[in-house]
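Report on the following structure.
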Amino acid sequence: MSERLSEISRHMQELRDAIELHNIRYYELDTPTIPDADFDKLFRELEELEQRHPQLITPDSPTQRVGIPPLKAFPRVAHRTPMLSLSNAFTEGEVEAFDRRVRQSLGIDHAEYAVEPKFDGLAISLCYENGTLVSGATRGDGYIGEDVTLNLKTIRSIPLGLKVADGGAGVPAFLEVRGEVLMLKADFERLNRQQREKNEKTFINPRNAAAGSLRQLDPRITANRNLRFFAYGIGACEGGNVPQDTHSHLLDYLSSLRFPVMRERRTVTGVAGLLEYHHEISGLREQLPYDIDGTVYKVNQLEYQEKLGFVSRAPRFALAHKFPAQEATTELLGIDVQVGRTGALTPVARLKPVFVGGATVTNATLHNEDEIRRKDVMIGDRVTVRRAGDVIPEVVAVQKESRPSDAKPFVMPRHCPVCGSRTVRLPGETLTRCTGGLFCPAQRKQAILHFASRRAMNIHGLGDKLVDHLVDNAIIRTPADLYKLGLAALAALDRMGEKSAGNIINEIEKSKDTILARFIYSLGIRNVGEATARDLARHFGGLDRLMEADVETLQQVSDVGPVVAQSIAGFFGERHNREVVEQLRAVGIRWKEDAGIQTADHAAGSAHLEAGAASSKIAGRIFVLTGTLPTMSREEAREKIEAMGGKVAGSVSKKTDYVVAGSDSGSKYDKALELGVALLDEAELMRLLQASQADDSSTQADS
DNA sequence: CAGCCTCGAGTTCT
DNA sequence: CTCGAGGCTG
């Protein structure tokens, strides 16, 4: 045995030496002597041996060099001035609104704009000190980017040093140039051809190719990718003869420093000028050598720009006018029917895979029967597909003129495709439902998944594959059964190691400590979501009081009307449900109960409001979160706001007090502008939170 | 009773 | 994110 081991050890040393040799040849001498595939084979063999004999791994093994995620390989750098995103407009109406706001704020009749195409590439920032390029970084989240200086230096159109025409006196002490790195369409095609020949993965579009190329750890690879750079603005600057009057002069200046500046830029006046330019560029789109996704408008006078300032994370003086979402046509291969947690049958279009808006789309929801009828969709049709809101695929329309003669209409099944129970569509409802209830495996699985979901009992690692397996093999039937699972039973499943089985058992155990609101939500009572579950928990304070409440008592809770009350009473009226709840309690799920506030719900609510509102700008106020915040998730922000007694709503209305906007915020941001709701960014929110926390503790200390 | 505001539910892809 | 529908308010 030990002799065999020493033999293996020797072989591993040979592999290590060979790999290192090829590594050096490849990276330093640039003359690889064996094909990449053979190299990979050696590497994999070593990896396998190391996996089997971990005690034989040496610290100098080439396998130890890799495995560091490339993301971490680039140092993070803070931008001197944040790289903000632009507000988007999709319609002419939105562009008109933008121009109106600009004119009103400035008190002028006609605004002049610097306009240019919007490149579909990566925003970067280049820093020059005394005329020398010292660093370059990606946009990142706008505040912190990745330092990719070495890679940027390989881009030939980026000047490494600045030569000022006036003889050198005018070189700025510091200059930050902003622009876009991109790959030309032709270079993208060529690169993909090469990648295919080398049997390496191809890129989806020029933007991804540019991003991938810029983030190579080996600058030599970047150098071979033929990336381009175009400047479009200036961040921070000190000294030099940098123009102070207009944006277009700034671009002329950058051009004089030999930065590539796009040829299609121009200045126009008023909405008419903006729209005409947009139209013109749309027409040119196909012929341009690079991808663009719209046009950018900036108020030309720098003085005006300053006056307009910023809202949240976007300048008020600029707008990105985007082209409409790209559409594509494909074939509708069939319509499947999915069964949801509440038994709702949802028709889903199976499409011949088609590339739209940056992703390959194969499925698209058709929502319900009425939707299918409205769009007159038949199986076998050619359909137009687009990604709505840039994410969710949607069937836009049917090309009726090319409908094949054998196209079949969709018929909502009379029986559930999963359990065979009858399906019903109640009069006045749009949804068709399976009547199988928890007898239906689809509904049972969804119920368990809902129970375990993050916002309910938060059992990490219990995904749909595992639930499928557990339910199909009759290992569990109800959420309560989860808590009776043994380690042995779980580890015995295929593809489930001892370790991951242990992790899940652990997570299940952890979930036993919870709060009443989560528990109520986790039961999956129809029409009772997170918000209602919280209201119920607050009102009743204990589970027994909730379970015993009749329809009338339930309706005393705010936001609970006859329909919701009936759902709740109906749920607890079923013996099966009461049994599951009993089992869950018996198995050790626990939460704190209190007396609740069964009378005068609204009075208690307003007392709460008064207590906070006296000193706080948060308690009782309604917040809406949108976009990606720089340092925390929306979820974290919500918790912080709620901890201070604030309320977080899902949509913006007149009642909204604050909209907290991050980057890439969407329609909610626009709505906030429209309604004149106060906009905050993350930093402002944090300040607000801290201020009211200070108030809170001082008032508490006083009393 | 109408219209507005919220909440619930369902969904896709990387 | 979007749609539908429940609940509240004027």
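- At most 12 non-hydrogen atoms from other residues, nucleotides or ligands lie less than 6.0 angstrom from CZ of A:Arg477.
- In this structure, A:Thr362 and A:Glu530 both approach DNA chain B, and ranking their closest nucleotides by distance from the 5' end singles out A:Glu530.
- Between A:Leu366 atom CG and B:dT11 atom P there is a gap of 11 Å when expressed in whole angstrom units.
- For C:dG7, the OP1/OP2 oxygens have no side-chain nitrogen or oxygen of A:Ser558 closer than 4.0 Å.
- Of the side-chain N and O atoms in A:Arg526, none sit less than 4.0 angstrom from OP1 or OP2 of B:dG8.
- Between B:dG10 and A:Thr342, a contact under 4.0 Å exists linking OP1 or OP2 to a side-chain N or O.
- The side chain of A:Val564 lies closest to C:dG7 when the candidates are B:dT14, C:dG7, B:dG10.
- One interatomic measurement links the two molecules: CG of A:Asp464 to P of B:dT11, which rounds to 13 Å at whole-angstrom precision.
- Remark: nothing in residues 437-450 of chain A comes within less than 4.0 Å of DNA chain B through any heavy atom.
- Regarding A:Asn527, its CG atom lies at a distance of 14 Å from the P atom of B:dC7, rounded to whole Å.
- Contact check, A:Thr532 against B:dG8: a side-chain N or O comes under 4.0 Å of OP1 or OP2.
- Taking atom CD1 of residue A:Ile525 and atom P of nucleotide B:dG8, one finds them 12 Å apart after rounding to whole Å.
- When the P atom of B:dC4 is taken as reference, atom CG of A:Asp559 falls 19 Å away, rounded to whole Å.
- Between the P atom of B:dT11 and the CG atom of A:Leu431 lies a distance of 10 Å, rounded to the nearest Å.
- When rounded to the nearest whole Å, the span between CD of A:Glu394 and P of B:dG10 equals 19 Å.
- With distances taken from any side-chain atom of A:Ala531 to the nucleotides B:dA9, B:dG8, C:dG6, the minimum falls on B:dG8.
- Within 6.0 Å of the NE2 atom in A:His415, the count of heavy atoms belonging to other residues, nucleotides or ligands exceeds 12.
- With respect to the salt-bridge test (charged N to carboxylate O, under 4.0 angstrom), the residues A:Glu530 and A:Arg455 qualify.
- Considering only side-chain N and O atoms, A:Asn363 lies under 4.0 angstrom from the phosphate OP1 or OP2 of B:dC13.
- One finds a salt bridge joining A:Asp370 and A:Arg425 here, because a Lys/Arg side-chain nitrogen approaches an Asp/Glu carboxylate oxygen to under 4.0 Å.
- Put simply, A:Gln338 has no side-chain N or O that comes within less than 4.0 Å of OP1 or OP2 on B:dG10.
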After noting the C-alpha distance and the side-chain angles of A:Lys445 and A:Asp464, does the key distance pass the salt bridge (charged side-chain N to carboxylate O under 4.0 Å, His left out) rule?
CA-CA 8 Å; A:Lys445 287 173 188 171; A:Asp464 50 357; over 6 Å; no

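- Taking OG of A:Ser558 as the reference point, atom CG of A:Leu536 lies at 9.0 Å (rounded to 0.5 Å).
- In A:Glu371, the CD atom is crowded: over 12 heavy atoms of neighbouring residues, nucleotides or ligands sit closer than 6.0 Å.
- Nucleotide C:dA5 holds its C1' atom 14 Å from the CG atom of A:Asp370, rounded to whole Å.
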